[in-house]
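To keep things clear, I will list the structure first and then write my remarks on it.
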Amino acid sequence: QLQASGGGLVQAGGSLRLSCAASGSIFNINVMGWFRQAPGKQRELVASITIGGTTNYANSVKGRFTISRDNAKNTVYLQMNSLKPEDTAVYYCNKITTPYGYWGQGTQVTVSS
């Protein structure tokens, strides 16, 4: 139902663009979000976007990350710029309200210093 991709290894200051293809049953009626989970930490919501395109960001990524969605393709994106080592985590997409969709494996983002 949710498949995130686009992660990788990048140096600090670099950029990555994540993509997430979602089933229509999840995507079409929900606010979608990107979450991340670093080792030993709880999963956190970093960005969200409504069907109409209104966005919201965690303070830690504001000004560096941009979330967008293509409603025709049931896909949500996360453009990540000026990456920092503390952005290292597994990134997931999902609707932001419970019950969540199946989380899947996510996509690993590793930022080296």
Side-chain angles (χ1 to χ4, degrees):
Q1 291 182 322
L2 296 158
Q3 186 167 0
S5 62
L9 174 63
V10 63
Q11 288 187 332
S15 299
L16 284 172
R17 188 189 192 214
L18 307 184
S19 299
C20 177
S23 66
S25 61
I26 291 176
F27 192 89
N28 292 335
I29 62 172
N30 284 287
V31 179
M32 296 298 296
W34 280 97
F35 300 76
R36 68 185 181 188
Q37 187 167 20
K41 295 187 177 181
Q42 289 190 330
R43 188 172 293 163
E44 63 172 340
L45 176 66
V46 297
S48 63
I49 185 167
T50 68
I51 293 174
T54 300
T55 59
N56 197 24
Y57 298 92
N59 288 335
S60 59
V61 307
K62 199 171 293 184
R64 301 187 297 120
F65 290 11
T66 302
I67 188 171
S68 60
R69 65 192 288 166
D70 185 333
N71 292 333
K73 296 182 178 179
N74 290 355
T75 301
V76 60
Y77 304 97
L78 186 68
Q79 177 67 44
M80 306 186 296
N81 298 329
S82 303
L83 282 162
K84 304 176 180 179
E86 51 263 44
D87 294 319
T88 295
V90 179
Y91 284 72
Y92 306 85
C93 70
N94 213 319
K95 62 189 188 77
I96 68 167
T97 56
T98 59
Y100 296 117
Y102 175 65
W103 288 97
Q105 294 184 333
T107 187
Q108 175 71 48
V109 172
T110 302
V111 184
S112 62
S113 57

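Annotation: the span from Arg17 atom CZ to Ser5 atom OG amounts to 10.0 Å, rounded to 0.5 Å. Taken to the nearest 0.5 Å, the CD atom of Gln11 stands 13.0 Å off from the OG1 atom of Thr110. One distance of note links NZ of Lys41 with CD of Glu86; it measures 8.5 Å at 0.5 Å rounding. To the nearest 0.5 Å, atom SG of residue Cys93 and atom CE of residue Met32 are 5.0 Å apart.
In terms of modelled atom types and a separation under 3.5 Å, the side chain of Lys95 and the main chain of Pro99 share a donor-acceptor contact. Without hydrogens or angle criteria, Thr50 side chain to Gly52 main chain gives a donor-acceptor distance under 3.5 Å. Side-chain atoms of Lys73 do not come within 3.5 Å of backbone N or O of Thr75 as any donor-acceptor pair.
Of all heavy-atom pairs between Leu45 and Gly33, the closest is CD1-CA, 4.0 Å. A pairwise comparison of heavy atoms in Leu83 and Leu16 identifies CD1-N, 3.9 Å as the closest pair. The minimum heavy-atom distance linking Val46 with Val61 is given by the pair O-CG2, 3.4 Å. Between Arg69 and Asn30 the shortest heavy-atom distance is NH1-O, 3.2 Å. Taking each heavy atom of Ser82 and Ser15 in turn, the nearest pair found is N-OG, 4.4 Å. In this structure, Gln108 and Ala89 approach most closely via the heavy-atom pair NE2-O, 3.4 Å.
Arg43 places none of its side-chain heavy atoms less than 4.5 Å from the side chain of Asn94. Inter-residue side-chain proximity for Val76 and Ile67 is flagged as met; some heavy-atom pair is nearer than 4.5 Å. Using a 4.5 Å heavy-atom threshold, the side chains of Leu78 and Tyr91 count as touching. A heavy-atom distance below 4.5 Å is not found between the side chains of Thr107 and Gln3. Two residues are said to be in side-chain contact when any heavy atoms from C-beta on lie closer than 4.5 Å; Leu2 and Tyr102 fail this criterion. Within the 4.5 Å cutoff, the side chain of Gln37 has no heavy atoms near those of the Glu44 side chain.
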Could you walk me through whether Leu18 and Gln79 pass the side chain to side chain contact (heavy atoms under 4.5 Å, CB included) check?
-> CA-CA 6 Å; Leu18 307 184; Gln79 177 67 44; over 6 Å; no
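A continuous path of hydrophobic side-chain contacts links Tyr100 to Val90 [ILVMFWY only; heavy atoms under 4.5 Å]. Placement of Tyr92 and Phe65 in two distinct hydrophobic clusters is found when ILVMFWY residues are connected by side-chain heavy-atom separations under 4.5 Å, directly or transitively. Hydrophobic cluster membership is shared by Met80 and Ile49, with clusters built from Ile, Leu, Val, Met, Phe, Trp and Tyr side chains linked at under 4.5 angstrom. No path of Ile, Leu, Val, Met, Phe, Trp and Tyr side chains, each step under 4.5 Å between heavy atoms, connects Val111 with Leu9, placing them in separate hydrophobic clusters.
Remark: aromatic rings of Tyr77 and Trp34 are distant, center separation not under 6.0 Å.
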